[in-house]
Number of protein chains: 2
Amino acid sequence: MTSMLGHALLSLLARRPGTGYDLTQRMRRPVGYFWAANHSQIYPELARLEEGGLVRHRVVEGAGPRPTKRYTITAAGRRALDGWLRSPVSDPPTRDEETLRVWSLWTLDPPSALAYLRARRTQHATRLAEYEALQAEVAAERGAHEPTQPLWSDHAALQGGILGRRAEVAWHDWMIDRLGGTAPPTRAGDSVDPPTG
Amino acid sequence: MTSMLGHALLSLLARRPGTGYDLTQRMRRPVGYFWAANHSQIYPELARLEEGGLVRHRVVEGAGPRPTKRYTITAAGRRALDGWLRSPVSDPPTRDEETLRVWSLWTLDPPSALAYLRARRTQHATRLAEYEALQAEVAAERGAHEPTQPLWSDHAALQGGILGRRAEVAWHDWMIDRLGGTAPPTRAGDSVDPPTG
DNA sequence: TTTAACATGTAAGAAGTTACATGATTTG
DNA sequence: CAAATCATGTAACTTCTTACATGTTAAA
């Protein structure tokens, strides 16, 4: 009954309480790396969660100009989160624009296809470098190796991002290679800029 | 102006014409691996594409019971597809349920988390084996190595699926390992396993 | 004094899901 | 005779995006 966004918000609140504004920021980064949402979606969803008794709010005098609502997860909210994690994952209702484009790439002349792939490759390598920098910080902290600490999940999610982006870079290199291009100027993990200098 | 689904349909029709029903089947497999859509979405979208002059239909006597519409891509449709492929990719409006769950996994007791990860690992390995079997077929065909043939794109898209699933399996193994679990039983086709023994 | 950060909402529309609705031909 | 395949649509609803709307406090 609870939407995916609802679960994301419950997960956020299980870590610590926060205002709608605060949750919006936390949805941008780090959650936005794997589940994006705008404030215009978040405020109504919080109201729905509260209607269902999964969260609760208290009005506090915060930094803002008007009465600010500080949301907390309830016991029922924790149960809902737990039930969701124990429910089977519906195998992937995938929507991957990148693969769709590759699947259409035969219609382009090879030099254009090559230019496209090189540009994408750079974007993936850049994001990979970002994840790796974050991971270095997280791995150094206490709690990153304790499975019941939030930081363990940060660490694990980041690792997924890293392995995923490495796979993207390797895939693009594979395609570039088969289109007869020369190797791109950078290596996986480097912070990447186009050679245009 | 054209939606992502519209582009998927144009891409499908650039390969060969087809009825709405036929396009629905082709959207299930192979396109459904990276862009899912139902017939209830496809029929109205075809009408919109036709309104925009990107596709055209002729009524034909087919196998079905009623007048069947056979859609063809127009020159304008090919230009739209081309323009889309040349336009920048808006970096990822990601929505990845799997990572969201991992990011919440710290709330579960470790044995439950382990059970969850092992189940998911198996699903990824199964899908990987499926892709690898398809890839073996595709790679053997003429055209798979010719960049302007549709089969080149089939081959490339499948390679992305394979590398992506291998990354998923490796990620899950990484997490299972860090939760102190033993390695799951491996099967032929997994192709990702750490050296056995 | 202007901009950024804090703070919360609504509205219109696009995109996607699930269910409803119909009906002929072929295969088991 | 039943089920699968072929074949095309609509309706209701959820989810998500983009834009509109308002207003304070602190820093540059």
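Protein chains get the first letters and strands the later ones, always in sequence-line order, with residue 1 at the start of each.
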*Asks:* Taking only the side-chain nitrogens and oxygens of B:Tyr21, find out if one of them lies under 4.0 Å from OP1 or OP2 of D:dT8.
*Replies:*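 Looking at the OP1 and OP2 atoms of D:dT8, neither is under 4.0 Å from any side-chain N or O of B:Tyr21.
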*Asks:* Which pairs count as ring pair (Phe, Tyr, Trp, His ring centres under 6.0 Å) when at least one residue sits in residues 104-125 of chain B, sequence neighbours excluded?
*Replies:*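 Of all non-adjacent pairs touching residues 104-125 of chain B, those that pass ring pair (Phe, Tyr, Trp, His ring centres under 6.0 Å) are B:His124-B:His172.
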*Asks:* For B:His39 and D:dT5, what is the distance between atoms NE2 and C1' respectively, to the nearest whole Å?
*Replies:*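 Going from B:His39 (NE2) to D:dT5 (C1'), I get 14 Å.
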*Asks:* Whole-Å distance between D:dT8 C1' and B:Met27 CE?
*Replies:*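 Between C1' of D:dT8 and CE of B:Met27: 17 Å.
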*Asks:* Taking atom types as they are modelled, would you say the side chain of A:Ser40 forms a donor-acceptor pair with the base of D:dT18 within the 3.5 Å cutoff?
*Replies:*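 Flag set: donor-acceptor pair detected.
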*Asks:* Anything under 3.5 Å between a protein N or O and an N or O of nucleotides 12-16 of chain C, put it in a table, one pair a line.
*Replies:*
| from | atom 1 | to | atom 2 | distance (Å) |
| --- | --- | --- | --- | --- |
| C:dG16 | OP2 | B:Gln41 | NE2 | 2.6 |
| C:dG16 | O5' | B:Gln41 | NE2 | 3.3 |
| C:dG16 | O3' | A:Arg95 | NH1 | 3.2 |
| C:dG16 | O3' | A:Arg95 | NH2 | 3.4 |

*Asks:* Could you list the residues that satisfy ring-ring contact (aromatic ring centres under 6.0 Å, His included) with A:Tyr71, not counting sequence neighbours?
*Replies:*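 ring-ring contact (aromatic ring centres under 6.0 Å, His included) check on A:Tyr71 returns A:His57.
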*Asks:* With sequence neighbours left out, write down each residue that passes ring-ring contact (aromatic ring centres under 6.0 Å, His included) with B:Trp35, or none if nothing qualifies.
*Replies:*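 Checked B:Trp35 against ring-ring contact (aromatic ring centres under 6.0 Å, His included); zero matches.
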*Asks:* Ignoring backbone atoms, test whether A:Tyr43 places a side-chain nitrogen or oxygen under 4.0 Å from the OP1 or OP2 oxygen of C:dT8.
*Replies:*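 Yes, such a contact exists.
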*Asks:* Partners of B:Glu146 by salt bridge (Lys or Arg N to Asp or Glu O under 4.0 Å), sequence neighbours excluded?
*Replies:*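 B:Glu146 satisfies salt bridge (Lys or Arg N to Asp or Glu O under 4.0 Å) with no other residue.
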*Asks:* Take the C1' atoms of the five end pairs on each side of the helix from C:dT1-D:dA28 to C:dG28-D:dC1, get both axes, and report the angle to 10 degrees.
*Replies:*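 That helix has its two terminal axes inclined by roughly 30°.
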*Asks:* Write down the distance between CD1 (B:Ile42) and P (D:dC6), rounded to a whole number of angstrom.
*Replies:*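 Taking CD1 of B:Ile42 and P of D:dC6, I get 15 Å after rounding.
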*Asks:* For the NE2 atom of B:His145 and the CG atom of A:Leu179, what is their distance to the nearest 0.5 Å?
*Replies:*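 One gets 12.5 Å once the value is rounded to the nearest 0.5 Å.
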*Asks:* Can you measure A:Tyr71 atom OH to C:dA7 atom C1' for me and round it to whole angstrom units?
*Replies:*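 Taking OH of A:Tyr71 and C1' of C:dA7, I get 12 Å after rounding.
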*Asks:* Could you list the residues that satisfy ring-ring contact (aromatic ring centres under 6.0 Å, His included) with A:Tyr131, not counting sequence neighbours?
*Replies:*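 In terms of ring-ring contact (aromatic ring centres under 6.0 Å, His included), with neighbours along the sequence ignored, A:Tyr131 is linked to A:Tyr33.
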*Asks:* List the residues meeting side chain to side chain contact (heavy atoms under 4.5 Å, CB included) with A:Ala156, not counting sequence neighbours, and say none if there are none.
*Replies:*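 Expected list: A:Trp152, B:Val102, B:Trp174, B:Met175.
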*Asks:* Taking only residues two or more places apart in sequence, or in another chain, which ones meet A:Ser112 in a side chain to side chain contact (heavy atoms under 4.5 Å, CB included)?
*Replies:*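 Here the qualifying residues are A:Leu108, A:Asp109, B:Arg86.
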